Amino acid sequence: MIKVINVVGARPNFMKVAPIVEAMKRREREFTPLVVHTGQHYDAAMSDTFFSDLDLPQPDVYLGVGSASHAAQTAAVMERFEPVLIEEKPDWVLVVGDVNSTLACALVCVKLGVKVAHVEAGLRSRDRTMPEEINRLLTDQIADLLFTPSADADNNLLAEGIPAERIRLVGNVMIDSLIKHLPRAQESDTIRQDLQLNDYAVLTLHRPSNVDDLTTLKRILEAIEEIGKRIPVVFPVHPRTKKMILELPSIERLANTVGLWFIPPLGYLDFLGLYSRARLVLTDSGGIQEETSVLGIPCLTLRENTERPITVTMGTNKIVGTDTEKIVDAAFAALAETAKPAVRIPLWDGHTAERILDALG
Ligand code: UD1
């Protein structure tokens, strides 16, 4: 029997861990899964609803670290995770993605000699000002087993001197969740109906480089105002972004702009239901670049780089940056294009969790 601690911390972790835990429960003779939630995200909209939406069992252990500076948050996860590891003595710890909880737990494992596997390894934006890039680089250096979503990630790891025996190309586990939940999400379709919208764009923003700097945030929102004159834009606002938007002098005008819908952050199913029927998505999220690629929905990435280049070469993603005019031009160009069929990316097929389990077993 293989005992595995599956770590979740922040919003983008839940849809990656859910299919893995589900597969472990299906193979209960081989695996005993535990779920540890660090509590990096704690608001109901950023955490709780994801458990029910994704059929993820309630965490066995909740560390309750909450928000803090990066150092304090990382340190708190380490301090609180260490006794859990000593008590539970798992055969493997599985960490996913690139949030602070990912690196913090991987580090605790290595110090205690517990084997740790990193899911979504090998992605690189080559932008070391992004906190996630540091989390990715360091987690991949220390993890025992690296599960990659695409061949470009394998090449990044090999170029960093990581031996091929530690790398397994398994595909994109987040797409397991997407494939499983898409029918249910489209069936309920509540947000679109509430807002009474048929043709619309969706915006998400939460990267510190975009939202913590008011000048950049203003530049992006000016573009969105312009786009909103052509097509309604629905904007579920992340708590980090909300704090900053409230400081903008133009907040009143923005809030009253026809064609711009500020709404609270959505759960997994509501958000999937919403963006899977959008004409266009504008985002600075990594995961959404992948999900829109699989669904064949045009995606404009409001960043200067991406750690997921396959979404540009094979998918629907365009890297647009944060210049007002460039965003508007790219959006209008995308809206003028006729829809292209979704492309199949190798191994993004809904069976990645099974391949991960096969490699652990
Ligand atoms: C974190 C991840 C990022 C991921 C994102 C998804 C790191 C370094 N960043 O960024 O990679 O894409 O989650 O959302 O791990 N807050 C709340 N309620 C919550 C959580 C946060 O109000 O449940 C507020 C707090 O004021 C906090 C701020 O949002 O200070 C930022 O949260 P934090 O977890 O530090 O980073 P995110 O920006 O969410």
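Just so we're clear, the structure is a prediction, and the values are computed from it rather than from any experiment. When a ligand or atom number is given, it counts from 1 through the structure's own listing order.
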Which heavy atom of the protein is the closest neighbour of [atom], given with residue, atom name and distance?
{"atom": "atom 11 (O) of ligand 1", "value": "Glu132 OE2, 2.6 Å"}
{"atom": "atom 31 (C) of ligand 1", "value": "Arg240 NH1, 3.4 Å"}
{"atom": "atom 2 (C) of ligand 1", "value": "Val99 CG1, 3.7 Å"}
{"atom": "atom 21 (C) of ligand 1", "value": "Ser67 OG, 3.7 Å"}
{"atom": "atom 17 (C) of ligand 1", "value": "Tyr42 OH, 3.3 Å"}
{"atom": "atom 26 (O) of ligand 1", "value": "Lys243 NZ, 2.6 Å"}
{"atom": "atom 4 (C) of ligand 1", "value": "His206 NE2, 3.7 Å"}
{"atom": "atom 6 (C) of ligand 1", "value": "Pro12 CD, 3.4 Å"}

Exercise for the section: Under 4.0 Å, heavy atoms only, figure out whether ligand 1 is touched by the backbone of Pro208, its side chain, both or neither. Expected result: neither
Completion exercise
Any heavy atom of His41 under 4.0 Å from ligand 1? The part involved is both
Checking [Y] against [X]: is there a side-chain donor and acceptor pair closer than 3.5 Å?
{"X": "Thr301", "Y": "Thr306", "answer": "no"}
{"X": "Ser276", "Y": "Gln186", "answer": "yes"}
{"X": "Ser125", "Y": "Glu133", "answer": "yes"}

Exercise for the section: Step through the shown structure and confirm whether more than 12 heavy atoms of other residues, nucleotides or ligands are within 6.0 Å of CG on Asn256. Expected result: yes
Practice task
Might you confirm whether atom NZ of Lys218 has over 12 heavy atoms from other residues, nucleotides or ligands at distances under 6.0 Å?
Solution key: no
Practice task
Would you mind listing every side chain to side chain donor-acceptor pair (under 3.5 Å) that reaches into residues 76-90, with sequence neighbours excluded?
Solution key: Lys3-Glu88
Practice task
Determine whether any heavy atom of Ser47 lies closer than 4.0 Å to an atom of ligand 1.
Solution key: no
Problem - Atoms in ligand 1 flagged as close to Asp43, the criterion being non-hydrogen separation under 4.0 Å - result: 17 (C), 18 (N), 19 (C), 22 (O), 23 (O)
Completion exercise
In ligand 1, the atoms that come under 4.0 Å of a heavy atom of Pro239 are 16 (N), 17 (C), 18 (N), 22 (O), 24 (C)
Completion exercise
Restricting to heavy atoms, the pick from Ile134, Asn100, Thr241, Thr204 nearest atom 8 (C) of ligand 1 would be Asn100
Problem - Backbone N/O of Leu266 and side chain of Asp270: donor-acceptor pair under 3.5 Å - result: no
Practice task
Taking the six-membered ring for Trp and the full ring for Phe, Tyr or His, determine whether the centres of Phe14 and His41 are under 6.0 Å apart.
Solution key: no
Handout entry: Sequence-distant partners of Tyr268, ring-ring contact (aromatic ring centres under 6.0 Å, His included), two or more places apart
Key = His181
